[in-house]
Amino acid sequence: MANTQAMCTSFMGELMTATHNFGVAPIRAVTTVDTFKGALYLSTATVNASTTAYSSTNEVTGTNYTAGGVAVTFGTPPTATNSSATAGVAFVTPSASITYTNVTINSAAFNAVLIYNSTQSNKAVSVHTFGDQTVTAGTFTLTMPSNTTTTALIRLATT
């Protein structure tokens with residue numbers, strides 16, 4: 001078992017049906033942006049491109065960690081660019097770091113976060129991995145990259 005960083009395959013298909021709404025101008029018959037969350041997974045878990053939805057199986061547990069993780073804020077709607085010099089790229093990054101405050105997660109190492117859409121039946125978006133971690137009565141923060149065509153957390157590109 002191993003966690004693998006990837007955009008979830010099911011998410012790519014669901015984009016074509018407008019299942020997920022990261023922005024403020026909804027296409028579906030809704031008036032609010034969807035709620036996204038970030039759940040942490042043990043190093044022994046298997047979350048990857050085949051993950052289709054959030055599951056508590058092999059999710060971390062500990063003091064002040066709530067099953068399902070924390071809210072992930074996308075304050076800036078997705079952006080798409082295209083120029084004659086580059087392929088088209090659509091991208092979005094959470095507008096704030098993903099932070100787990102005053103948690104103790106030291107019973108086993110963890111190394112992945114699953115971002116998922118809790119508004120849409122907990123459908124998986126992407127898995128992001130990092131080195132093995134433990135936290136004792138501290139704050140664990142995942143600092144977000146710049147929201148650009150080359151560094152955004154979630155990127156789709158044409159070739």
Side-chain angles (χ1 to χ4, degrees), residues 1-23 26-28 30 33-62 65-82 86-100 103 105 108-135 140-159:
M1 292 192 291
N3 298 316
T4 306
Q5 183 159 301
M7 185 173 305
C8 298
T9 305
S10 58
F11 169 71
M12 291 187 282
E14 291 158 1
L15 286 175
M16 298 299 187
T17 61
T19 299
H20 303 275
N21 181 13
F22 290 91
I27 294 172
R28 299 182 317 238
V30 297
V33 175
D34 289 343
T35 299
F36 294 86
K37 291 188 174 182
L40 297 173
Y41 284 84
L42 298 171
S43 300
T44 56
T46 303
V47 287
N48 54 38
S50 298
T51 302
T52 59
Y54 161 77
S55 168
S56 61
T57 302
N58 291 314
E59 182 180 11
V60 303
T61 59
Y65 179 85
T66 303
V70 297
V72 177
T73 304
F74 288 92
T76 304
T79 303
T81 64
N82 191 8
T86 62
V89 179
F91 57 96
V92 66
T93 294
S95 56
S97 296
I98 302 172
T99 304
Y100 306 83
V103 294
I105 308 168
F110 60 95
N111 69 358
V113 61
L114 170 69
I115 295 179
Y116 67 97
N117 187 336
S118 66
T119 303
Q120 300 296 322
S121 304
N122 296 330
K123 292 182 183 292
V125 172
S126 57
V127 176
H128 304 276
T129 58
F130 40 84
D132 284 357
Q133 303 291 314
T134 60
V135 178
F140 179 71
T141 301
L142 293 166
T143 303
M144 294 298 103
S146 299
N147 194 33
T148 70
T149 58
T150 58
T151 61
L153 191 66
I154 300 170
R155 296 183 308 272
L156 301 171
T158 59
T159 56

Would you call [X] and [Y] a side-chain contact if the rule is heavy atoms closer than 4.5 Å?
X      : Y      : value
Leu153 : Pro145 : yes
Val70  : Ile98  : yes
Asn48  : Val127 : no

To the nearest 0.5 angstrom, please state how far the [atom1] atom of [X] sits from the [atom2] atom of [Y].
X      : Y      : atom1 : atom2 : result
Met144 : Phe74  : CE    : CZ    : 8.5 Å
Arg155 : Thr148 : CZ    : OG1   : 7.5 Å
Thr134 : Ile105 : OG1   : CD1   : 9.5 Å
Thr51  : Tyr41  : OG1   : OH    : 7.5 Å
Leu40  : Asn58  : CG    : CG    : 13.0 Å
Asn117 : Asn122 : CG    : CG    : 8.0 Å

Minimum-distance pair of heavy atoms, taken over all atoms of [X] and [Y]:
X      : Y     : value
His128 : Gln5  : CA-OE1, 3.6 Å
Ser121 : Ala53 : O-CB, 4.4 Å
Ala152 : Phe91 : CB-CB, 3.5 Å

Any donor-acceptor N/O pair, [X] side chain to [Y] backbone, under 3.5 Å:
X      : Y      : result
Asn111 : Thr129 : no
Ser126 : Ile115 : no
Thr119 : Thr35  : yes
Asn147 : Pro94  : no
Thr151 : Ser146 : yes

>> Run the side-chain contact (heavy atoms from CB on, under 4.5 Å) test on Gln120 and Asp34 for me, step by step, so that the C-alpha distance in whole Å, both residues' side-chain angles and the decisive distance to 0.1 Å come before the verdict.
In response: CA-CA 8 Å; Gln120 300 296 322; Asp34 289 343; 3.6 Å; yes
>> If you apply the rule ring-ring contact (aromatic ring centres under 6.0 Å, His included), what do you find for Phe140 with Tyr65, and how did you get there?
In response: CA-CA 11 Å; Phe140 179 71; Tyr65 179 85; 9.9 Å; no
>> Using the ring centroid of each side chain, check whether Tyr100 and Phe110 are separated by less than 6.0 Å.
In response: no
> What pairs meet the salt bridge (Lys or Arg N to Asp or Glu O under 4.0 Å) rule with one or both residues in residues 37-55, with sequence neighbours excluded?
Replying inline: none
>> Filter on salt bridge (Lys or Arg N to Asp or Glu O under 4.0 Å), then keep only pairs touching residues 48-60, sequence neighbours left out; what's left?
In response: none
>> Pairing donors with acceptors under 3.5 angstrom, does anything connect the side chains of Ser55 and Thr57?
In response: yes
